[in-house]
Asker: 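There's a structure below that I have some questions on.
A, B, ... follow the sequence lines: proteins, then strands. Residue 1 opens every chain.
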There are 2 protein chains.
Amino acid sequence: MSNPKQVTIVEVAAAAGVSIATVSNVLNRGGIRSSKETIRKVELAAEQLGYRRNTNAAGLSRNKTFEIGLIVPVLGGYYGQLAEQLQLEAHRAGYHLSVFSSGGFDPAIERRNLEVLLQRRVDGLICHGLAMGFESTRSIVNSGTPLVLINGWGWPEDIALGAVNLGFSEACRQSTKLLADRGCDLLVYVGNKHSKVIDGQRRQGFETGIAQLSSPIPHQFVDTKDLDMERFLQELMMGPAKRVGIMAFDDYVALRLLSMANKLKIDMPDRLQLIGINNDSVSSHAYPSISTWDIPYYLQANTAISKLLHKFGHNVATCEEREFEVPLTFIERETTKI
Amino acid sequence: MSNPKQVTIVEVAAAAGVSIATVSNVLNRGGIRSSKETIRKVELAAEQLGYRRNTNAAGLSRNKTFEIGLIVPVLGGYYGQLAEQLQLEAHRAGYHLSVFSSGGFDPAIERRNLEVLLQRRVDGLICHGLAMGFESTRSIVNSGTPLVLINGWGWPEDIALGAVNLGFSEACRQSTKLLADRGCDLLVYVGNKHSKVIDGQRRQGFETGIAQLSSPIPHQFVDTKDLDMERFLQELMMGPAKRVGIMAFDDYVALRLLSMANKLKIDMPDRLQLIGINNDSVSSHAYPSISTWDIPYYLQANTAISKLLHKFGHNVATCEEREFEVPLTFIERETTKI
DNA sequence: CTGTTAGCGCATTCAG
DNA sequence: CTGAATGCGCTAACAG
């Protein structure tokens, strides 16, 4: 017995001198109206007794919890921003959002949290960058709970309702063009294979961009993990390239490159140009400030929630496509401006 | 009717040819043992039918949810790290943690989330930097749900079980000494009044430190909000001080100062020294890298959860003090090393 | 309009 | 060891 017994509608009913059904009616403002008098009495009694509805009981009774579960890899940066926005959108629709972290792509934790959410009978699920594979996910989530993926490319229809994906690929594609236009004669993508699928999208966009260049430019791929940044930049500067353009995995990777460039006194943007992704606050506060791609959190969150609401039967406009791609917008700052 | 009807113990019982009570027993590994044979039958049936326990119903029935609610001002940086750690500790104790954000100290959102959590009958609550005042909080949380505060100084006993606070004050106090030792002849605290109570702690520690200096050093207070950093740093450099020591509100503020200093080509650490707080990843990746105070997340999370567990009746060691202060540890980096 | 009743899914006595 | 019965707090018909 954890809590010292909370007030229930039974007590409120007694205090107000009405039946529990009446209490339930007035307190939830259902279709049924009550007389002014009873409303007053009930509200007063509820107020005085400090009544607080037990939503678990309510959910049990009507088989609907008005809860949406969210699982993100980590509570910070881009994921955190998204979560905030999702919470807002959920609230707007009368739901609440419970946020869980998979502890940095840990499949075990992710799985546990998924299980917890399902056991809570959440009405819907939003998952970002599922670390588990198709099969694993399917076996867990086949209960009929609607699932919307964020940044989930090519997931089977029987698992997820749909997905809202960020246009990383396109952003990276355009970045190569942009860096080429700015006069870069060597292009490099500094990835992060830790975030497997997202890294894949970015890399692919970069490759596509390279292939579409009007005049070919040498390029290379490296990964943050096995990279000695200092040595890497030094060699770049001693190489034949007059101006190197780097597409960084995200703003944090960009910041690290930028810091090292500062240390090596590399002239930015003359000898080195840099583009990040996310428009994290660090990108604008760094010196020089980092050009980056901004994420339309509102659009992202709104479409994700809308997909769920639609499934719930709410009458909302929602895109038909299963995989909706939201475009990023370029924010030009000092690392590329010439 | 949101979900297309989930499997219940009734069906499992039928399939296994036993009663629901038996199912409940074997599935929850309660005190009561069952025969090997029934265990097998039940587990098989549950497995095949894809049974998943409805924790809401279970919670309703035993008046215990094994859920802990967490409210943080924002899902990112320090707060995010803490949330991750709290989730871990909660898991370890057999609870799960639902994370909510108050959307950046928004009292309305905070209040709504608190209410939601209370209505869900969470077993316990952990709140970080409550935006609402004493009275407001008391009126909401007086239901008997145990509440532990993080960074809540001087809260009345009838509201919160206790608090675990970070030693910001002490860290700032020591920082002044340190900057003085490094030869700074002007000390300034760049605060952030947006985070009222935390800013207060830091400022106070800074003041104390100043007062305790063996030989007095001129000092000043400014606030991030109404500060033109460029002009501010320029004037500092043109002033009489040979070496300025800045205690920044946190690593992000420090990064902004550092970036501006880089832009103005101010020599760090010779003419300007800088200390941040939080040991955020940016502090180590900036150039020059930022000296800062590291937060013992594990200790923080562990004591917070322990306080709750203790209240729940679990037999755990827990500190007696109502307000437990966890000390920060200094990480020296290039902005102060000479 | 208001009260009565029958569940929601599960845990928990208390008899067999 | 197992099962029938009761209740957790609330909602949803359905009667009055």
Side-chain angles (χ1 to χ4, degrees), chain A residues 1-43 45-46 49-67 118-123 143, chain B residues 1-42 45-46 49-66 118-123 143:
Chain A
M1 202 90 70
S2 177
N3 293 344
K5 185 69 178 170
Q6 313 264 83
V7 181
T8 76
I9 47 172
V10 177
E11 302 164 55
V12 176
V18 298
S19 82
I20 61 166
T22 306
V23 173
S24 180
N25 276 336
V26 356
L27 258 32
N28 303 341
R29 293 268 181 279
I32 306 125
R33 290 177 315 196
S34 306
S35 76
K36 288 246 185 282
E37 181 55 13
T38 35
I39 292 184
R40 210 187 48 72
K41 280 194 302 186
V42 170
E43 283 181 340
L49 270 55
Y51 169 73
R52 179 143 32 213
R53 188 179 187 220
N54 183 330
T55 53
N56 286 340
L60 185 60
S61 165
R62 48 168 152 174
N63 193 30
K64 169 94 183 168
T65 57
F66 289 97
E67 176 176 21
L118 255 17
Q119 292 187 176
R120 289 192 72 76
R121 299 297 191 266
V122 291
D123 292 334
S143 51
Chain B
M1 203 90 68
S2 175
N3 293 346
K5 185 72 179 168
Q6 314 265 83
V7 182
T8 76
I9 47 172
V10 176
E11 302 164 57
V12 175
V18 297
S19 82
I20 62 165
T22 305
V23 174
S24 179
N25 275 336
V26 356
L27 258 32
N28 303 340
R29 293 267 180 276
I32 307 127
R33 287 178 315 197
S34 305
S35 73
K36 287 246 185 279
E37 180 54 13
T38 33
I39 292 184
R40 210 188 49 73
K41 281 195 302 188
V42 170
L49 271 55
Y51 169 73
R52 180 142 34 214
R53 189 177 188 223
N54 183 329
T55 53
N56 286 339
L60 185 60
S61 164
R62 50 169 150 175
N63 192 30
K64 169 93 181 169
T65 58
F66 289 97
L118 256 15
Q119 291 188 175
R120 293 242 301 255
R121 299 297 190 268
V122 291
D123 291 333
S143 50

Asker: Mark yes or no for whether B/Asn56, through its side chain, and A/Leu60, through its backbone, hold a donor-acceptor pair below 3.5 Å.
Answerer: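 Answer holds: no.
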
Asker: May I ask you to evaluate whether B/Ser35 reaches the phosphate of D/dT2, defined as a side-chain N or O under 4.0 Å from OP1 or OP2?
Answerer: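 Result: yes.
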
Asker: Would the distance check show the side chain of B/Thr65 and the main-chain N or O of B/Arg121 forming a donor-acceptor pair, the cut-off being under 3.5 Å?
Answerer: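 Pair found, side chain donor or acceptor close to backbone of B/Arg121.
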
Asker: Base, sugar-phosphate or nothing for A/Val23? Non-hydrogen atoms, less than 4.0 Å.
Answerer: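 If one applies the 4.0 Å heavy-atom cut-off, A/Val23 turns out to touch nothing in the nucleic acid.
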
Asker: Passes side-chain contact (heavy atoms from CB on, under 4.5 Å), A/Thr8 versus A/Asn54? Steps please.
Answerer: CA-CA 8 Å; A/Thr8 76; A/Asn54 183 330; over 6 Å; no

Asker: Given atom CG of B/Leu27 and atom C1' of C/dT12, what is their separation to the nearest angstrom?
Answerer: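 Taking CG of B/Leu27 and C1' of C/dT12, I get 16 Å after rounding.
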
Asker: So how far off straight is the helix from C/dC1-D/dG16 to C/dG16-D/dC1, going by the axes through five pairs at either end, to 10°?
Answerer: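 The two end axes of the helix from C/dC1-D/dG16 to C/dG16-D/dC1 meet at 40°.
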
Asker: If the sugar-phosphate is the primed atoms plus P, OP1 and OP2 and the base is the rest, what is the B/S/- string for nucleotides 8-16 of chain D, using protein heavy atoms under 4.0 Å?
Answerer: BBBBB----

Asker: Do the non-hydrogen side-chain atoms of B/Asp123 and B/Lys64 ever get within less than 4.5 Å of each other?
Answerer: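 B/Asp123 vs B/Lys64: side chains touch.
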
Asker: My understanding is that only residues two or more places apart in sequence, or in another chain, count here; which of them pass ring-ring contact (aromatic ring centres under 6.0 Å, His included) with A/Phe66?
Answerer: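 Residues passing ring-ring contact (aromatic ring centres under 6.0 Å, His included) with A/Phe66: A/Tyr95.
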
Asker: Given atom CD of A/Gln119 and atom C1' of C/dA11, what is their separation to the nearest angstrom?
Answerer: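 Distance check: A/Gln119 CD to C/dA11 C1' gives 15 Å.
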
Asker: Would one find a side-chain N or O of B/Thr22 under 4.0 angstrom from OP1 or OP2 of D/dG3?
Answerer: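 Result: yes.
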
Asker: Apply side-chain contact (heavy atoms from CB on, under 4.5 Å) to B/Ile39 and B/Lys36, showing your working.
Answerer: CA-CA 5 Å; B/Ile39 292 184; B/Lys36 287 246 185 279; 5.7 Å; no

Asker: Which is it for B/Arg53 and B/Leu27 under the side-chain contact (heavy atoms from CB on, under 4.5 Å) test, yes or no, and what are the steps along the way?
Answerer: CA-CA 9 Å; B/Arg53 189 177 188 223; B/Leu27 258 32; over 6 Å; no

Asker: Is a side-chain donor or acceptor of A/Ser35 paired with a backbone partner of A/Thr38 at a separation under 3.5 angstrom?
Answerer: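 Checking the backbone N and O of A/Thr38 against the side chain of A/Ser35, a donor-acceptor pair under 3.5 Å is found.
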
